[in-house]
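Only this structure's heavy atoms are used, side chains among them; waters, hydrogens and symmetry mates stay out.
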Amino acid sequence: MKSTIALKLQQLNSFMLRSPFRAIVLFSILSRLFVIALYWKVTIFPDSESYSDLAKLLLHFNIAGYDGERTPGYPLVLAMANNWLPLVVVYQMLLGIVTAIYLFKTLRVLQFSTIASLYITLLLNSMVHVIFYETAILTEVVIILLVTVSFYHILKLLHNGQAGYRQVFVISLLLGLLTFVKPFFVFMPFIVYGLYTLKDFSFSKIFNRLLILPFFSLIAFLGWSYVNKVNTGYFVSTTYYGITTAQNCVYFAEKTPEKYHLISSIYVKYREQAIAEDKDVAMSIWYAHAELTEKTGLNFVDLSHELNEFATVAIIDNPADYAKQVFISWKDFWKTSIYWNYNDFNVTYANKVFLEVWYIQSFILVTLKIIFVLLIPYHIFLFFKNKKITPQFIIVSFIFSASLLQAMATYGTNSRYSYPFEFLMIICVLTAFKPQLKRLLA
């Protein structure tokens with residue numbers, strides 16, 4: 001009996017190694033069908049409605065007067081499904097499979113063996129929060145796809161030396177799409193250009209073909225900002241900007257000039273209520289939003305602009321408090337989270353089983369993130385010592401920059417912002433143990 005099982009497993013392993021892409025696709029489909037059987041739900045969160053609202057406008061090819069809450073990258077995915085959310089989930093699961101394939105390809109570029117690349121891909125692709133993100137109407141599935149595919153090409157450019165114009169164009173286009181989905185990522189092409197220029201640096205190399213890299217990102221960022229200028233009067237990538245900036249001031253909202261007393265007093269009131277009721281303090285400005293709208297007489301767009309001015313003054317006047325808040329936000333970036341409706345499973349006790357699995361997986365994930373953070377100064381030290389742009393330093397540069405910029409930009413659900421980089425963090429950690437993996441899977 002044991003020998004029969006061992007033989008079957010050996011045959012399965014041989015099949016998977018002969019056709020790794022087919023194995024990834026089949027495994028991904030089966031794992032998602034399993035989840036669908038237990039949890040056939042479209043998971044809706046507060047952010048979801050605003051994406052759907054913009055998708056409706058896009059379907060009518062008319063965004064005149066749109067209030068600019070969202071950029072159109074993700075709503076276009078909804079529009080492609082005619083804004084029918086179950087079909088959006090199907091699309092997102094297909095995108096998740098493409099992400100898994102490019103994760104495998106990235107591992108191969110980094111010279112992991114076929115067997116190690118395959119099993120790492122299957123393990124990461126089976127983490128429950130990965131699949132449950134695909135059931136949620138949130139941007140993360142599209143973002144992690146674009147981040148993964150972009151890094152595959154960035155590593156080929158910086159690590160394998162494939163720096164032709166075609167490769168640069170592909171990366172520029174991918175990063176432009178990423179900015180179209182989430183304007184925050186507009187910084188990424190500049191990091192790529194900086195790393196490429198630092199590699200075998202000379203002053204003559206400052207002007208190189210990668211200067212064209214930010215083209216699509218800037219078109220996406222500035223173009224949509226102009227659309228918002230026409231519709232709202234404010235040249236911004238999203239009219240949420242004032243609210244998200246104000247979130248940084250939650251713990252020092254009272255330390256502002258008299259000019260902002262009304263905003264400050266209402267903000268502080270809801271912050272204290274959130275603390276007393278053990279609610280998410282980072283969301284205090286959202287709890288206060290209705291009263292702020294009523295008392296100020298401003299609409300959403302104008303209130304966001306006023307909140308941005310309030311937050312800017314508060315940050316300038318209280319740099320130490322702001323620095324403390326940035327550290328809290330940066331620390332939260334490295335946490336992990338799952339987005340699901342725990343009570344919406346179709347099968348009794350299935351939620352409890354998934355929760356136990358998630359407890360184990362999240363513990364492992366947080367441990368790997370901690371190791372990654374501890375490795376950041378090591379890889380920076382190696383760069384200055386050896387003057388080499390290694391794959392690990394490339395990954396560290398992007399993720400560390402994203403963690404700092406996100407911490408400076410807003411406070412609240414920061415762990416969600418780290419999700420698109422989790423695969424890369426794990427890859428970076430695993431490179432330190434590549435010889436051990438090779439012996440284990442030999």
Side-chain angles (χ1 to χ4, degrees), residues 45-47 50 68-69 182-187 232 234-337 369 373 376 399-418:
F45 291 97
D47 289 353
S50 57
E69 291 182 24
K182 192 176 182 67
F184 168 76
F185 290 106
V186 70
F187 75 93
T232 70
Y234 298 107
F235 189 82
V236 291
S237 60
T238 168
T239 49
Y240 273 123
Y241 73 107
I243 300 174
T244 55
T245 306
Q247 285 181 282
N248 284 311
C249 309
V250 65
Y251 288 113
F252 54 96
E254 59 268 52
K255 299 180 181 181
T256 50
E258 184 63 27
K259 176 183 177 181
Y260 299 107
H261 175 72
L262 179 61
I263 291 175
S264 175
S265 60
I266 295 173
Y267 195 174
V268 170
K269 181 178 78 171
Y270 282 91
R271 180 193 70 195
E272 296 307 308
Q273 285 183 7
I275 293 171
E277 297 170 10
D278 197 27
K279 296 165 71 175
D280 186 357
V281 179
M283 296 294 109
S284 298
I285 192 64
W286 290 102
Y287 306 146
H289 193 268
E291 185 172 345
L292 284 168
T293 301
E294 179 187 354
K295 295 290 177 62
T296 62
L298 299 173
N299 61 26
F300 175 84
V301 175
D302 291 332
L303 177 59
S304 183
H305 178 71
E306 187 72 11
L307 286 172
N308 183 66
E309 293 190 344
F310 154 80
T312 302
V313 171
I315 289 169
I316 292 172
D317 289 352
N318 303 278
D321 289 310
Y322 174 61
K324 181 180 178 181
Q325 182 56 58
V326 168
F327 176 74
I328 293 171
S329 300
W330 183 81
K331 185 176 64 174
D332 287 351
F333 180 88
W334 306 104
K335 294 180 180 178
T336 189
S337 55
K369 284 186 173 184
V373 172
I376 289 174
I399 299 177
F400 186 59
S401 298
S403 69
L404 284 177
L405 291 171
Q406 187 60 61
M408 294 169 66
T410 193
Y411 172 50
T413 63
N414 291 74
S415 61
R416 177 178 159 191
Y417 300 118
S418 73

[X]: which residues meet the side chain to side chain contact (heavy atoms under 4.5 Å, CB included) condition with it, sequence neighbours left out?
{"X": "N308", "value": "Y241, T245, T312"}
{"X": "K259", "value": "none"}
{"X": "M408", "value": "Y322, V326"}
{"X": "T239", "value": "E69, T232, V236, F300, V301"}

Exercise for the section: Classify the ring geometry between F400 and W330 as parallel (under 30°), tilted (30 to 60°) or perpendicular (over 60°). Expected result: perpendicular
When rounded to the nearest 0.5 angstrom, what distance separates [atom1] in [X] from [atom2] in [Y]?
{"X": "Y260", "Y": "I266", "atom1": "OH", "atom2": "CD1", "result": "15.0 Å"}
{"X": "S265", "Y": "L292", "atom1": "OG", "atom2": "CG", "result": "8.5 Å"}
{"X": "N248", "Y": "I328", "atom1": "CG", "atom2": "CD1", "result": "10.5 Å"}
{"X": "S337", "Y": "D332", "atom1": "OG", "atom2": "CG", "result": "10.5 Å"}
{"X": "K295", "Y": "L303", "atom1": "NZ", "atom2": "CG", "result": "13.0 Å"}
{"X": "I315", "Y": "F310", "atom1": "CD1", "atom2": "CZ", "result": "9.0 Å"}

Handout entry: Side-chain ion pair, K255 and D317, N-O less than 4.0 Å
Key =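 No, K255 and D317 are not salt-bridged.
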Practice task
List the atom of S329, the atom of T410, and the distance in Å for their closest heavy-atom pair.
Solution key: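 Residues S329 and T410, closest heavy atoms: OG-O, 3.6 Å.
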Exercise for the section: State, with a plain yes or no, whether a side-chain heavy atom of Y270 is found less than 4.5 Å away from one of Q273. Expected result: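 A side-chain contact under 4.5 Å exists here.
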Exercise for the section: With the side chain counted from C-beta on, respond yes when K182 and Y417 share a heavy-atom pair under 4.5 Å apart, and no when they do not. Expected result: yes
Exercise for the section: Begin from the C-alpha positions of E254 and K269 and carry the test salt bridge (charged side-chain N to carboxylate O under 4.0 Å, His left out) through to its verdict. Expected result: CA-CA 10 Å; E254 59 268 52; K269 181 178 78 171; over 6 Å; no
Problem - ring-ring contact (aromatic ring centres under 6.0 Å, His included) partners of F252, counting only residues at least two apart - result: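 Expected list: none.
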Throw together a table of side-chain donor-acceptor distances under 3.5 angstrom for residues 282-290, partners on residues two or more places apart or in other chains.
{"unit_1": "S284", "atom_1": "OG", "unit_2": "V281", "atom_2": "O", "d": "2.6"}
{"unit_1": "Y287", "atom_1": "OH", "unit_2": "D280", "atom_2": "O", "d": "3.2"}

